[in-house]
Amino acid sequence: MHVVIVGAGLAGLSAAVELHQQGHEVQLLEASDGVGGRVRTDEVDGFQLDRGFQILLEAYPEAQDMLDYAALDLHPFAPGATIRLDGGFHRLGDPLREPKQLVSTLKAPIGSPFDKARILAFRLAVSKGTVDDLWKGVGTTAISRFERAGFSQDMIERFLRPLFAGITLDPELQSSSQVVEFVFRMLSMGNAVVPSKGMGAISDQLAARLPAESVQLSTPVAELGKGAVRLEGGNTITADAVVLATGATEASRLAGSADPGWNGVTSMWLAADEAPIDEPVLVLNGEGVSPINSMVVMSNVCQNYATNGKHLMVVSTPSTGAELPAAMRRQLGDWFGGVAESWEEVRVDVIEKAQPKQLPGHDGRAPLSLDNGVWIAGDHRRDASINGAIGSGRAVAQAVSATG
Ligand SMILES: Cc1cc2nc3c(=O)[nH]c(=O)nc-3n(C[C@H](O)[C@H](O)[C@H](O)COP(=O)(O)OP(=O)(O)OC[C@H]3O[C@@H](n4cnc5c(N)ncnc54)[C@H](O)[C@@H]3O)c2cc1C
């Protein structure tokens, strides 16, 4: 079969790799100047910057199947998190994976001892059965799930809300409880990591498995026809099947599929002579004071992110707005004092369409085909993650292949 795939993000790349491996002829049409979609890395003044702060969870099953982890040279974050609270920083470890953190974790003024026990019980609950079991049924909202699990308001506000606001970009915790359960399971079963060459190395690794001539960059698709796509330049390409892997809004424009709307994020990259935090750990804001949600010294996780003996930090908020960068810098001043003023801004990423909303009942796990030979893949069809995008691309490829 000759399959045209529109969009070279992780979903499109995964679909293309799978179809190519099964002997089909693939043609991957990408509007932008590179592969990877939302997962790309740029070099800026010698620093390595991902497009917005992102991490790979090693336990993602689709990523494990599809990626060569050894070749990516993955660098782990420390398990757990450091919580900014009451003017200080408190380490909340994962005592099962990092026993030396047990004492500091029990002492941390975040939640009661019952909450800490409930975390372990929640981990056990979400680790039962298969990953697919987690996605059965409709679920509820994340906040309802936390309340049902018995977590105190203190634990939710100081730890769970900033943690999941960082992951789902939904500070209201209205996302599906199934997403929360899946992420919790992934966090419990493996490290959060970044490749030594940045998150874009994930996309590059997939693209390298395709014949070079099968990937056409700067080639936006304007319209879909029956078994054909029309390029913005006017040319028409016919195909036995078309896979639309463009992201939700563009898929909706081209093919009329549902657009769930988006959550946005602002990530500020800062260079410093000295790292304000020594560990490769995620720092979460447990004070409930906007705008900062999380902060990481990326050069503690992997030195490649920085250059010339400097450190590189990334500070994020699950929101967008012109006032945010200045407000984030003011808050860094509150946290770290005058030295924060000397930190040099390397880039600010404002990403309105970072993750499609994934409200309860957003069921899209089955491959979606329209009656005109068009298939829809992408994170909006599963869950808004690297795992969801890869899994959706692979599932659609297998379904397309089965028709040929
Ligand atoms: C800032 C940020 C942080 C994130 N953090 C994490 C994280 O920590 N962990 C995690 O697992 N996930 C994270 N995600 C989510 C994850 O990156 C996405 O779920 C995933 O990359 C989506 O892949 P996709 O292929 O479905 O879509 P996309 O990556 O959006 O790919 C769609 C592609 O289609 C192209 N395209 C669009 N229209 C056309 C057209 N008309 N013609 C041709 N091409 C077109 C686009 O240019 C793009 O390359 C994050 C996302 C962002 C933005």
Side-chain angles (χ1 to χ4, degrees), residues 38-56 75-78 81-85 87-91 162-163 165-167 169 171 192-201 264-352 354:
R38 278 168 268 163
V39 184
R40 292 180 65 177
T41 300
D42 305 300
E43 198 196 301
V44 178
D45 301 335
F47 294 95
Q48 184 171 282
L49 310 187
D50 299 325
R51 295 200 177 170
F53 168 55
Q54 316 205 10
I55 51 174
L56 172 69
H75 288 242
F77 286 66
T82 289
I83 313 292
R84 169 74 189 182
L85 192 63
F89 293 92
H90 305 272
R91 189 73 165 79
L163 178 66
I167 292 171
L169 307 180
V193 295
V194 288
S196 62
K197 290 192 175 152
M199 293 295 287
V265 67
T266 303
S267 289
M268 177 186 282
W269 300 88
L270 296 160
D273 291 331
E274 303 285 336
I277 303 274
D278 292 334
E279 277 188 288
V281 70
L282 179 68
V283 179
L284 294 171
N285 182 2
E287 294 184 327
V289 179
S290 299
I292 294 176
N293 185 72
S294 73
M295 169 185 175
V296 177
V297 180
M298 289 304 293
S299 43
N300 287 346
V301 183
C302 174
Q303 275 190 350
N304 282 4
Y305 273 79
T307 184
N308 280 338
K310 298 244 181 196
H311 284 276
L312 182 73
M313 292 168 278
V314 60
V315 186
S316 299
T317 183
S319 180
T320 57
E323 74 292 354
L324 287 175
M328 288 159 94
R329 292 215 65 145
R330 275 195 302 278
Q331 196 167 18
L332 287 172
D334 295 342
W335 286 12
F336 297 105
V339 68
E341 282 170 32
S342 68
W343 297 343
E344 179 200 338
E345 197 173 290
V346 185
R347 190 173 80 185
V348 178
D349 293 329
V350 180
I351 305 174
E352 303 277 355

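Quantities reported herein were computed from a predicted structural model and do not represent experimental measurements.
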What's the shortest heavy-atom distance between [X] and [Y], and which atoms?
X      : Y      : result
Ser316 : Ser267 : OG-OG, 2.9 Å
Phe47  : Ala306 : CD2-CA, 3.6 Å
Pro291 : Leu324 : CB-CD2, 3.6 Å
Pro325 : Ala322 : CD-O, 3.5 Å
Leu85  : Gly286 : CD1-O, 3.2 Å
Val193 : Pro76  : CG1-CA, 3.8 Å

So does Glu287 have more than 12 non-hydrogen atoms from other groups sitting under 6.0 Å from CD?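 Yes.
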Should we say atom CD of Glu341 is surrounded by more than 12 heavy atoms from elsewhere, each under 6.0 Å from it? no
Under 3.5 Å, side chain of Thr41 to main-chain N/O of Met199, donor-acceptor pair present? yes
Could you check whether any side-chain heavy atom of [X] comes within less than 4.5 Å of a side-chain heavy atom of [Y], counting everything from C-beta outward?
X      : Y      : answer
Met268 : Glu345 : yes
Pro276 : Val339 : no
Met295 : Leu332 : yes
His75  : Asn304 : no
Asn300 : His311 : yes
Asn293 : Val265 : no
Val314 : Tyr305 : no
Arg91  : Glu279 : yes

Given Thr320 and Glu352, is the side chain to side chain donor-acceptor pair (under 3.5 Å) satisfied, shown in steps? CA-CA 7 Å; Thr320 57; Glu352 303 277 355; 3.1 Å; yes
Between [atom1] of [X] and [atom2] of [Y], what distance do you get to the nearest 0.5 Å?
X      : Y      : atom1 : atom2 : value
Asp349 : Gln54  : CG    : CD    : 9.5 Å
Ile167 : Leu282 : CD1   : CG    : 8.0 Å
Phe336 : Arg84  : CZ    : CZ    : 7.0 Å
Arg329 : Ile292 : CZ    : CD1   : 10.5 Å
Asn285 : Thr82  : CG    : OG1   : 12.5 Å
Trp343 : Met313 : CH2   : CE    : 4.5 Å

Apply the test side-chain contact (heavy atoms from CB on, under 4.5 Å) to residues Thr266 and Met328: give CA-CA distance (whole Å), side-chain angles for both, the deciding distance (0.1 Å), then the verdict. CA-CA 10 Å; Thr266 303; Met328 288 159 94; 4.2 Å; yes
Side chain to side chain donor-acceptor pair (under 3.5 Å), that's the test. Do Trp269 and Asp50 meet it? Break it down for me. CA-CA 9 Å; Trp269 300 88; Asp50 299 325; over 6 Å; no
If the threshold is 4.0 Å, N to carboxylate O, is there a salt bridge linking Asp42 and Arg40? no
